[in-house]
Engineer: 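Would you mind keeping the following structure in view while I ask a few things?
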Amino acid sequence: MVSDRLPQSFYLGEDVVFLAKALLGNVLVTEFNGQRSAGRIVETEAYRGPDDRACHAFNNRRTPRTEVMFGPGGHAYVYLCYGIHHLFNIVTGPEDAAHAVLIRGVEPLDNLALMLERRHLTKPAPPLTAGPGALAQALGIRTIHSGLPLFAPESPIWLEDRGLTPSPESIVAGTRVGVEPAGACALRPWRFSIKGSPWVSRAKGAPTP
DNA sequence: AAGAGGATGAACT
DNA sequence: GTTCATCCTCTTG
């Protein structure tokens, strides 16, 4: 079966919280220099530009870095955190909405060997792809990929629906990680994961079931 | 022109 | 549980 790339229309919905849930179970694929690797999305977080203090585009603040979030949905927003980690987000919503979904955890599917090599690890355990910085490194995603259209046929990064979408009752909602200073916004249950998956991040402050 | 700090992860005690 | 690596971006002078 040939899996097609998710079309741009998938990303254009106004409700970024809904889309963060809808992204669970879809497969994130990268192919650089003919080398493909992929993982199933098991953890996401929604960031809503205009009214979310935790979002880089809060209050519709435009900077060169956040400009891509103000474009139409379906583009990559990759940001360097702590000078080390490349965090992969998917821009959602219509133009000027400034919403994005952070991918926080994936279950490795294709080309484990390449992912292990990129992470300098030897066995497929959660440290490989559980956590936003970890999965970006495993899939070879870096800040230079920010702005890529995920729906375009020639893009080296895209999403596929391989029929692995979780049932609604197996989706867990929680508070987001690392957004303490955002005050009341930190209480919003905008972090979503697939219940029981070992590939969900164990970040500080995250619920541990 | 300069400095603080960040949507983290790994290696420590 | 704590510490710290490490660099880009944004704010301030």
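Atom set for the values below is all heavy atoms of this structure, side chains included, hydrogens, waters and symmetry mates excluded. Within every chain, numbering begins at 1; the chains are lettered A, B, ... in the order of the sequence lines, protein sequences first and strands thereafter.
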Engineer: Quick one: does any side-chain atom of A:R5 pair with a main-chain N or O of A:P153 as donor and acceptor, under 3.5 Å?
Structural biologist: yes

Engineer: Report, as a single string ordered 5' to 3', how protein heavy atoms within less than 4.0 Å touch nucleotides 7-13 of chain C: B base, S sugar-phosphate only, - not at all.
Structural biologist: BSSSS--

Engineer: Can you measure A:L87 atom CG to C:dT6 atom P for me and round it to whole angstrom units?
Structural biologist: 18 Å

Engineer: Identify, residue by residue, the members of residues 107-124 of chain A with a heavy atom below 4.0 Å from DNA chain C, and return them in order of residue number, or none.
Structural biologist: none

Engineer: To the nearest Å, give me how far apart OH (A:Y77) and C1' (B:dA7) are.
Structural biologist: 9 Å

Engineer: Above 12 or not: heavy atoms from other molecules or residues under 6.0 Å from CZ of A:R62?
Structural biologist: yes

Engineer: Regarding A:S37 and A:R118, is there a side-chain donor-to-acceptor distance under 3.5 Å anywhere?
Structural biologist: yes

Engineer: Is the backbone N or O of A:L135 less than 3.5 Å from a side-chain atom of A:T129, with the two atoms forming a donor-acceptor pair by type?
Structural biologist: no

Engineer: Show each protein N/O and nucleotides 2-4 of chain C N/O combination with a separation under 3.5 Å, one pair to a line.
Structural biologist:
none

Engineer: Any side-chain heavy atom of A:Y11 sitting closer than 4.5 Å to one from A:L159?
Structural biologist: yes

Engineer: Return the CD to OG distance between A:E45 and A:S201, rounded to the nearest 0.5 Å.
Structural biologist: 7.5 Å

Engineer: Are the side chains of A:L87 and A:L102 in touch, meaning some heavy atoms are under 4.5 Å apart?
Structural biologist: yes

Engineer: Applying a 3.5 angstrom cut-off to the pairing atoms, does DNA chain B sit in any stems of at least three consecutive Watson-Crick or G-U pairs? List them by first number.
Structural biologist: B:1-6 with C:7-12, B:8-12 with C:1-5

Engineer: Rounded to whole angstrom units, what separation is found between the CD atom of A:E45 and the P atom of B:dT8?
Structural biologist: 8 Å

Engineer: Quick check for you: to the nearest 0.5 Å, what is the distance between A:I41 atom CD1 and A:L164 atom CG?
Structural biologist: 11.0 Å

Engineer: For A:Q137 and C:dA5, what is the distance between atoms CD and C1' respectively, to the nearest whole Å?
Structural biologist: 14 Å

Engineer: With no hydrogens and no angle check, is any side-chain donor or acceptor of A:S155 less than 3.5 Å from a backbone partner on A:A152?
Structural biologist: no

Engineer: Judged by atom type as modelled, is there a donor-acceptor pair below 3.5 Å linking the side chain of A:H75 to the main-chain atoms of A:G147?
Structural biologist: yes

Engineer: OP1 or OP2 of B:dT8 less than 4.0 angstrom from a side-chain nitrogen or oxygen of A:R202, does that happen here?
Structural biologist: no

Engineer: Name all pairs fulfilling the ring-ring contact (aromatic ring centres under 6.0 Å, His included) condition that reach into residues 49-69 of chain A, sequence neighbours left out, sorted by first residue then second.
Structural biologist: A:H56-A:Y79

Engineer: What integer distance in Å separates A:H85:NE2 from B:dG9:P?
Structural biologist: 6 Å

Engineer: With no hydrogens and no angle check, just 3.5 Å: does a side-chain donor-acceptor pair link A:Q137 and A:R119?
Structural biologist: yes

Engineer: Assess the residue pair A:D52 and A:R176 against the criterion (side chain to side chain contact (heavy atoms under 4.5 Å, CB included)); give the C-alpha distance rounded to whole Å, side-chain angles, the decisive distance to 0.1 Å, and a yes or no.
Structural biologist: CA-CA 12 Å; A:D52 181 0; A:R176 293 174 296 178; 2.7 Å; yes

Engineer: Within this structure, what is the CG-CG distance for the pair A:L28 and A:N26, rounded to the nearest 0.5 Å?
Structural biologist: 10.0 Å

Engineer: Decide yes or no for A:R48 and A:C185: does some side-chain heavy atom of the first lie under 4.5 Å from some side-chain heavy atom of the second?
Structural biologist: no

Engineer: Quick one: the side chain of A:H56 and the base of B:dA7, do they pair up donor-acceptor inside 3.5 Å?
Structural biologist: yes

Engineer: Students often get this wrong, so: under 4.0 angstrom with heavy atoms, is A:Y47 touching a base, only sugar-phosphate, or nothing?
Structural biologist: base

Engineer: Is the CD atom of A:E67 crowded by more than 12 outside heavy atoms at less than 6.0 Å?
Structural biologist: yes

Engineer: Distances under 3.5 Å between protein N/O atoms and the N/O atoms of nucleotides 1-4 of chain B, please, pair by pair.
Structural biologist:
none

Engineer: What's the CG-P distance between A:L128 and B:dA10, to the nearest Å?
Structural biologist: 10 Å

